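Keep in mind the model is a prediction, meaning the values are calculated, not measured.
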Amino acid sequence: MKKFILPLALVTSIGAVAEDEWVSVGANAAVAPAQTDVVVPAQTNPANSSVTPESENATTGGDLMSELLTQMEQMQQEIAMLRSLVETQQQQLATVEQEQQARYLDLDRRVASLITQPVIAQPEQTATEATSNPTVAPADAYKAAMTLVREKKFSEANQAFSAFTESYPQDKLVANAYYWNGEVYLVQNKLEQAKEAFEQVVTQFPDHTKTADASYKLGVTFHKLGDDALAREWLEKVIEQYPGKADGTVRLAQAYLKKLQ
């Protein structure tokens, strides 16, 4: 039996194939063997295989949007309620304003209408005596002075109002007495006396309800005295200081001011 001797290089190549299945070709260039198909299992989420990060974000965003929409609806309902309350209050204010204007316009006509009103029966003592009598209650003395006005006894009415302010300087009606004293002087065209009476109201009782009326009458009086500058000053003061407090008087001042322009 003959023995075949193989070259050393061939023996070496065969050994390499046996060891790692790599085949050297030519100048020992390594060529990788064919690979078998390997199936790699897909990675799964160990916490929740059915929920992905994208679906979690979508769910969170949906909840937030739903909450925002609910809050917007609540805010719209609250705004609608507030609007309704504001409209109701505006209607109420408009009604009160109309009533105040009507009352003041009626008040401004009273002095002129006093002449046509029926005369009230004389009390046992004259109105002047009642006013100057210290034993008479202040309310009765004030009423007696107003009676003289209705009786067209204007000079006596001025005396009665002056006596009232001297006899009852602390009474709550003293500001009214000064004011009506000025009105009676104004009816008689006694402008200086009227001015002094209205000034007493403004200076001594700045927070009284008659102060706005007295300020307006001062503007009228100064106009009749020929001092239009002071007339405008007092009328503008009424317009600036008494909106919301004496709106009827403010409107009268605005109308009178237009006559001076």
Chemist: Could you tell me which residues satisfy salt bridge (charged side-chain N to carboxylate O under 4.0 Å, His left out) with Lys190, sequence neighbours excluded, listed by chain and number?
Modeler: none

Chemist: Looking only at heavy atoms, which two atoms of Pro138 and Asp171 are closest? And how far apart?
Modeler: CB-OD1, 3.3 Å

Chemist: Is there a side-chain contact between Leu257 and Ile239 (heavy atoms, below 4.5 Å)?
Modeler: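 SC-SC contact between Leu257 and Ile239 confirmed.
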
Chemist: Would you say the side chain of Tyr242 lies within less than 4.5 Å of the side chain of Thr249, judging by non-hydrogen atoms?
Modeler: no

Chemist: Between Val149 and Val187, does the side-chain contact (heavy atoms from CB on, under 4.5 Å) criterion hold? Intermediate values first, please.
Modeler: CA-CA 11 Å; Val149 177; Val187 169; over 6 Å; no

Chemist: For the backbone of Val184 and the side chain of Gln188, can you confirm whether one donor and one acceptor N or O come within less than 3.5 Å of each other?
Modeler: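 Yes; at least one donor-acceptor contact below 3.5 Å.
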
Chemist: Please step through side-chain contact (heavy atoms from CB on, under 4.5 Å) for the pair Trp180 and Met146, ending with a clear verdict.
Modeler: CA-CA 9 Å; Trp180 285 107; Met146 293 300 297; 4.3 Å; yes

Chemist: Give a yes or no on whether Val201 and Val174 share a hydrophobic cluster (residues Ile, Leu, Val, Met, Phe, Trp, Tyr; joining criterion: side-chain heavy atoms under 4.5 Å apart).
Modeler: yes

Chemist: Got a list of side-chain donor-acceptor pairs under 3.5 Å for residues 220-228, not counting sequence neighbours?
Modeler:
residue	atom	partner	partner atom	Å
Thr221	OG1	Lys217	O	2.7
His223	ND1	Asp228	OD1	3.1
Asp227	OD1	Ala229	N	3.4
Asp227	OD1	Leu230	N	3.2

Chemist: Please identify each residue that fulfils salt bridge (charged side-chain N to carboxylate O under 4.0 Å, His left out) with Glu199, with sequence neighbours left out.
Modeler: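 Per chain and number, Glu199 pairs via salt bridge (charged side-chain N to carboxylate O under 4.0 Å, His left out) with Lys195.
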
Chemist: What orientation do Tyr216 and Tyr256 show, parallel under 30°, tilted 30 to 60°, or perpendicular over 60°?
Modeler: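 Plane angle over 60°, so perpendicular.
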
Chemist: Find out if a path of hydrophobic residues (ILVMFWY) with successive side-chain heavy-atom gaps under 4.5 Å connects Tyr185 to Leu191.
Modeler: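 Hydrophobic grouping puts Tyr185 apart from Leu191.
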
Chemist: Would you call the rings of Phe164 and Tyr168 parallel, tilted or perpendicular, where under 30° means parallel and over 60° means perpendicular?
Modeler: tilted

Chemist: Run the side-chain hydrogen bond (donor to acceptor under 3.5 Å, both in side chains) test against Gln204 and tell me which residues pass, sequence neighbours left out.
Modeler: Gln200

Chemist: Could you walk me through whether Phe161 and Tyr142 satisfy the side-chain contact (heavy atoms from CB on, under 4.5 Å) test, starting with their C-alpha distance in whole Å, then the side-chain angles of each, then the deciding distance to 0.1 Å, before giving a yes or no?
Modeler: CA-CA 7 Å; Phe161 283 125; Tyr142 180 83; 4.1 Å; yes

Chemist: Scan for ring pair (Phe, Tyr, Trp, His ring centres under 6.0 Å) pairs involving residues 68-87, sequence neighbours excluded, and state none if there are none.
Modeler: none

Chemist: Tell me, please, which residues at least two apart from Glu240 pass salt bridge (charged side-chain N to carboxylate O under 4.0 Å, His left out).
Modeler: none

Chemist: Tell me, with the steps shown, if Thr70 and Gln74 meet side-chain contact (heavy atoms from CB on, under 4.5 Å).
Modeler: CA-CA 6 Å; Thr70 302; Gln74 292 176 349; 4.0 Å; yes

Chemist: With heavy-atom distances below 4.5 Å as the criterion, would you say the side chains of Asn176 and His208 are in contact?
Modeler: yes

Chemist: Does some side-chain heavy atom of Arg83 sit less than 4.5 Å from a side-chain heavy atom of Val86?
Modeler: no

